[in-house]
Amino acid sequence: MRILLAAVVLGTTLLASVASAAGNPPGVRVIHTKEIIESFAIGGQRIAYDLRGSLACNKVLVRDLRTGKTTRVSGKQTCSADSTSTGAGVRELAVAGNRIAWIVNLGGNTESDDYLYTASLPRPTERRLAASTRLGDIGGILAGTWIGNLVGSGNLLAVSRWSTDKG
């Protein structure tokens, strides 16, 4: 059975409309959280979502819509993703088969750092695959390396890496 998804986030609620390719009528799955959902990604039968770390610790979770099982895939390194003054936290997520990837952005007034993490189901362990750093005035031009444009399709995860100078 193939699952088709559409999802929308409303603060602490994630609504997913689920229909099988066999023509079954769509059903709505509702995921309620205590923390705010900051980003999410859909792939196959899974939804990955990032919860702001306001209560304890930032975390990335994956919900299997077929089984209803939710699994935490992030670890200690992602825990402080929302702790910096100008960083974006977990700013991108992607799902590809059993693999989930995310980019954490941390920053201050003169620096911005990106970290690419991945984990695989069913027994996820957070792994950092890459890091990048940019320096300069956060309101102006930052020179250095970047990681972004994370996507997943089928069993493939892809990401862009590039660099900029002060111009």
Side-chain angles (χ1 to χ4, degrees), residues 5 7-12 14 16 31 33-64 70-167:
L5 298 171
V8 96
V9 172
L10 305 168
T12 60
L14 179 64
I31 301 169
T33 66
K34 293 182 180 178
E35 295 97 348
I36 292 175
I37 299 168
E38 293 188 305
S39 59
F40 72 97
I42 301 171
Q45 68 195 39
R46 293 183 176 88
I47 293 180
Y49 53 100
D50 164 54
L51 297 179
R52 183 189 306 172
S54 60
L55 294 181
C57 169
N58 183 276
K59 54 192 161 199
V60 175
L61 303 170
V62 175
R63 178 76 163 275
D64 185 312
T70 300
T71 304
R72 182 175 176 170
V73 296
S74 62
K76 291 180 183 179
Q77 295 178 54
T78 300
C79 187
S80 62
D82 290 324
S83 66
T84 62
S85 62
T86 62
V90 177
R91 71 161 197 239
E92 296 181 40
L93 279 162
V95 179
N98 291 331
R99 296 181 304 149
I100 293 78
W102 60 99
I103 296 173
V104 172
N105 175 255
L106 303 173
N109 292 335
T110 60
E111 179 180 335
S112 186
D113 302 309
D114 298 323
Y115 301 93
L116 174 63
Y117 295 98
T118 188
S120 297
L121 297 169
R123 291 176 296 283
T125 300
E126 176 181 82
R127 284 187 41 214
R128 188 171 92 181
L129 297 182
S132 66
T133 299
R134 298 170 295 288
L135 302 173
D137 180 5
I138 200 72
I141 297 174
L142 295 173
T145 57
W146 303 70
I147 302 172
N149 306 313
L150 178 63
V151 295
S153 179
N155 288 318
L156 177 67
L157 289 166
V159 67
S160 297
R161 295 185 74 179
W162 67 98
S163 62
T164 54
D165 57 26
K166 290 187 179 187

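Keep in mind it's a predicted model, so treat the numbers as computed, not measured.
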Nearest 0.5 angstrom please: [X] [atom1] to [Y] [atom2], how far?
X      : Y      : atom1 : atom2 : result
Ile141 : Lys166 : CD1   : NZ    : 9.5 Å
Arg72  : Glu126 : CZ    : CD    : 8.5 Å
Glu111 : Arg134 : CD    : CZ    : 9.5 Å
Leu150 : Leu116 : CG    : CG    : 6.5 Å
Ser120 : Ile100 : OG    : CD1   : 7.0 Å
Trp162 : Thr145 : CH2   : OG1   : 10.0 Å

### Task
Could you tell me whether Glu35 and Arg52 make a salt bridge, using a distance below 4.0 angstrom between a side-chain N and a carboxylate O?
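Judged by the 4.0 Å cut-off on N to carboxylate O distance, Glu35 and Arg52 do not form a salt bridge.
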#### Entry: Asp50 bridged to Arg91 by N-O distance under 4.0 Å
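No, no charged N to carboxylate O under 4.0 Å.
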What heavy-atom pair brings [X] and [Y] nearest, and what distance separates the two atoms?
X      : Y      : result
Ala94  : Val151 : CB-C, 3.6 Å
Gly152 : Ala96  : CA-CB, 4.3 Å
Gly97  : Asn155 : CA-OD1, 3.5 Å
Ala48  : Val62  : CB-CG2, 4.0 Å
Asp114 : Ile147 : OD2-N, 3.2 Å
Leu106 : Ser80  : CD2-O, 3.9 Å

Say whether, by atom type as modelled, one donor and one acceptor occur between the side chain of [X] and the main chain of [Y] under 3.5 angstrom.
X      : Y      : answer
Thr110 : Asp137 : no
Asp113 : Asn105 : no
Ser163 : Gly144 : no
Ser85  : Asn109 : no
Thr164 : Leu142 : yes

Is the shortest side-chain heavy-atom distance between [X] and [Y] below 4.5 Å?
X      : Y      : answer
Asn149 : Val159 : no
Asn98  : Pro122 : no
Gln77  : Val104 : no
Tyr49  : Thr70  : yes

### Reference residue Leu51; test side-chain contact (heavy atoms from CB on, under 4.5 Å); the match among Val60, Ile37, Ile36
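Passing option: Ile37.
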### Task
Inspect the surroundings of CZ in Arg127 and state if more than 12 heavy atoms from other residues, nucleotides or ligands are less than 6.0 Å away.
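Counting other residues, nucleotides and ligands, CZ of Arg127 stays at 12 neighbours or fewer.
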### Message
Distance alone, cut at 3.5 Å: any donor-acceptor contact between the side chains of Ser74 and Trp102?
### Response
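No.
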